[in-house]
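Sequence lines set the chain letters: A, B, ... in the order given, protein chains first and strands last, and positions in each chain run from 1. Predicted, not measured: the structure shown is a model, and the values here were computed from it.
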There are 2 protein chains.
Amino acid sequence: MSAAGHSHDHAHDHAHGHSCKAEPAAILARAEELCRERAVQFTALRREVLDAVVASEKPPGAYDIAERLSRPGRRVAPVSVYRALDFLMELGLVHRIASRNAFVPCAHAHGASENVVFLICRTCGGIDETTSPEVESGLGKTLKRAGFTPAHSILEVEGDCGACRDKARRA
Amino acid sequence: MSAAGHSHDHAHDHAHGHSCKAEPAAILARAEELCRERAVQFTALRREVLDAVVASEKPPGAYDIAERLSRPGRRVAPVSVYRALDFLMELGLVHRIASRNAFVPCAHAHGASENVVFLICRTCGGIDETTSPEVESGLGKTLKRAGFTPAHSILEVEGDCGACRDKARRA
DNA sequence: GCCGGAAGTGATACACTGTAACAAAGCCGC
DNA sequence: GCGGCTTTGTTACAGTGTATCACTTCCGGC
Ligand SMILES: [Zn+2]
Ligand SMILES: [Zn+2]
Ligand SMILES: [Zn+2]
Ligand SMILES: [Zn+2]
């Protein structure tokens with residue numbers, strides 16, 4: 001999945017559907033801003049956990065993060081990671097992928113109530129995030145028909161991303 | 001939703017949004033038919049696990065089922081339950097709810113590729129199942145736009161079912 | 001600067017969820 | 001019945017997430 005935006009900031013208009021890793025600097029900035037707004041602490045541990053999620057090649061599990069942050073002389077227990085992840089999810093900076101027990105940085109800065117679609121590539125393991133007005137409205141109709149009041153929803157699609165499909169075709 | 005048809009088959013047209021337990025007899029019959037078709041064994045254990053899933057008040061976890069099936073003198077280990085559940089899911093008789101680690105009987109007899117929407121009531125804990133052509137087509141468009149080839153997807157909505165909402169309103 | 005409450009972290013233990021490996025039992029076609 | 005396959009039992013273990021409590025850090029008020 002592609003890394004969006006380089007230092008010289010080329011035109012990156014996202015007509016492509018493939019995942020663009022959130023720019024580490026951008027998401028960090030967003031984190032700091034959000035924490036200032038809400039008057040909560042963006043502590044070192046929280047920053048490190050966010051960094052780990054952003055920097056990981058594949059969406060890591062909580063234990064992966066704990067291991068990555070631990071060194072001889074400093075052990076970060078999974079429970080600390082979970083707390084930081086809860087915090088980051090509360091702020092909408094990180095999402096949990098229920099079907100994988102993994103965590104991804106939010107790539108969209110969408111509102112909390114807005115539905116997102118996670119595209120999980122079973123070949124490369126990458127997870128892309130997109131929004132879908134069509135799904136949103138269709139789901140709204142369906143829920144209304146069912147008399148169900150939604151609080152939040154998860155939509156995770158497993159399959160093959162464009163890059164992996166192309167690679168397979170060339171092979 | 002809905003279990004159509006009781007013994008005296010009253011009009012049960014399901015304008016209501018709340019979960020209607022699948023008729024135990026019907027799903028059992030379907031299981032036997034499917035197993036005959038595919039020439040696989042519908043063993044006692046598999047039947048008991050299916051029964052347990054159908055009969056449970058709330059969607060049970062695998063360990064709940066194991067406990068329910070165990071008695072003094074006969075212990076059913078979780079691993080056996082998982083195997084039976086895998087079997088039943090393969091046949092499309094049971095679904096796993098990723099956001100809850102719970103299992104529900106299929107209430108629709110839909111095809112394997114067809115998308116379903118799970119409606120999870122956070123008040124009563126009931127889980128209803130419905131299909132949504134709108135979502136289906138909307139999601140198709142979105143995936144195409146993203147260049148993503150889907151294999152299968154999960155869509156789980158948490159909120160309040162009609163019954164619980166009414167109950168709350170009257171209170 | 002100091003104090004006191006609130007928030008965050010460390011550490012341990014534990015509960016819950018799921019899988020691997022191998023042996024024993026049951027089924028089925030020959 | 002024999003031989004191969006499927007299913008189940010049993011044990012052990014890996015992976016995921018939470019409860020508890022003590023300790024530290026932060027922050028606002030004095
Ligand atoms: Zn997001
Ligand atoms: Zn891929
Ligand atoms: Zn179903
Ligand atoms: Zn309800």
Measure from the side-chain heavy atoms of T43(A) and tell me the nearest of dG8(C), dG17(D), dT12(C).
dG8(C)

Whole-Å gap separating P (dA25(C)) and CG (L45(B)):
17 Å

Does dG10(C) have OP1 or OP2 under 4.0 Å away from a side-chain N or O of S80(A)?
yes

Shortest non-hydrogen contact between V53(A) and L85(A), atoms and distance:
CG2-CD2, 4.1 Å

Closest to side chain of R75(B), choosing from dT11(D), dG17(D), dG18(C):
dT11(D)

Measuring to OP1 and OP2 of dT7(D), would you say a side-chain N or O of R46(B) lies under 4.0 angstrom away?
yes

In this structure, how many angstroms lie between the P atom of dG8(C) and the CD atom of E48(A), rounded?
16 Å

Please report, rounded to the nearest Å, how far the P atom of dT16(D) is from the CZ atom of R96(B).
12 Å

Kindly say whether, by distance alone, the side chain of R83(B) makes a donor-acceptor pair under 3.5 Å with the base of dG18(C)?
no

What nucleic acid atoms does V76(B) come within less than 4.0 Å of, heavy atoms only: base, sugar-phosphate, or nothing?
nothing

May I ask you to decide whether R68(B) forms a salt bridge with E48(B), counting only side-chain N to carboxylate O separations under 4.0 Å?
no

d(L93(B) CG, R46(B) CZ) to nearest 0.5 Å is 11.5 Å

Among side-chain atoms of E129(A) and H110(A), is any donor-acceptor pair under 3.5 angstrom?
yes

It should be established whether N101(B) places a side-chain nitrogen or oxygen under 4.0 Å from OP1 or OP2 of nucleotide dC16(C).
no

Can you tell which of dT11(D), dT19(C), dT12(C) lies closest to the side chain of V79(A)?
dT12(C)

To the nearest angstrom, how far is L69(B) atom CG from dT8(D) atom P?
12 Å

For the side chain of Y63(A), counting heavy atoms from C-beta on, which of dT7(D), dT17(C), dG17(D) is nearest?
dG17(D)

If only side-chain N and O atoms count, and only distance matters, is there a donor-acceptor pair under 3.5 Å linking R165(B) with T149(A)?
yes

Strictly under 4.0 angstrom, non-hydrogen atoms only: write out the protein contact profile of nucleotides 22-30 of chain D, one letter per nucleotide from the 5' end, B, S or -.
----S----

So, are E134(B) and R145(A) salt-bridged, with charged N and O less than 4.0 Å apart?
yes

Classify V40(B) by what it touches in the nucleic acid, base, sugar-phosphate, or nothing, heavy-atom distance under 4.0 Å.
nothing

Spacing of OG1 belonging to T43(A) relative to CZ belonging to R83(A), to within rounding of 0.5 Å
11.0 Å

Please report the distance, rounded to the nearest Å, between CZ in R74(A) and C1' in dT9(C).
10 Å

Could you tell me the separation between the OH atom of Y82(A) and the C1' atom of dG8(C), rounded to a whole number of Å?
19 Å

Nearest whole angstrom, please: distance from the C1' of dA20(C) to the CG of D86(B).
14 Å

Grab the CG-P distance between L88(A) and dT9(C) for me, whole Å please.
10 Å

Hey, can you tell me if Y63(B) and Y82(B) have their rings parallel, tilted or perpendicular (30° and 60° cut-offs)?
perpendicular

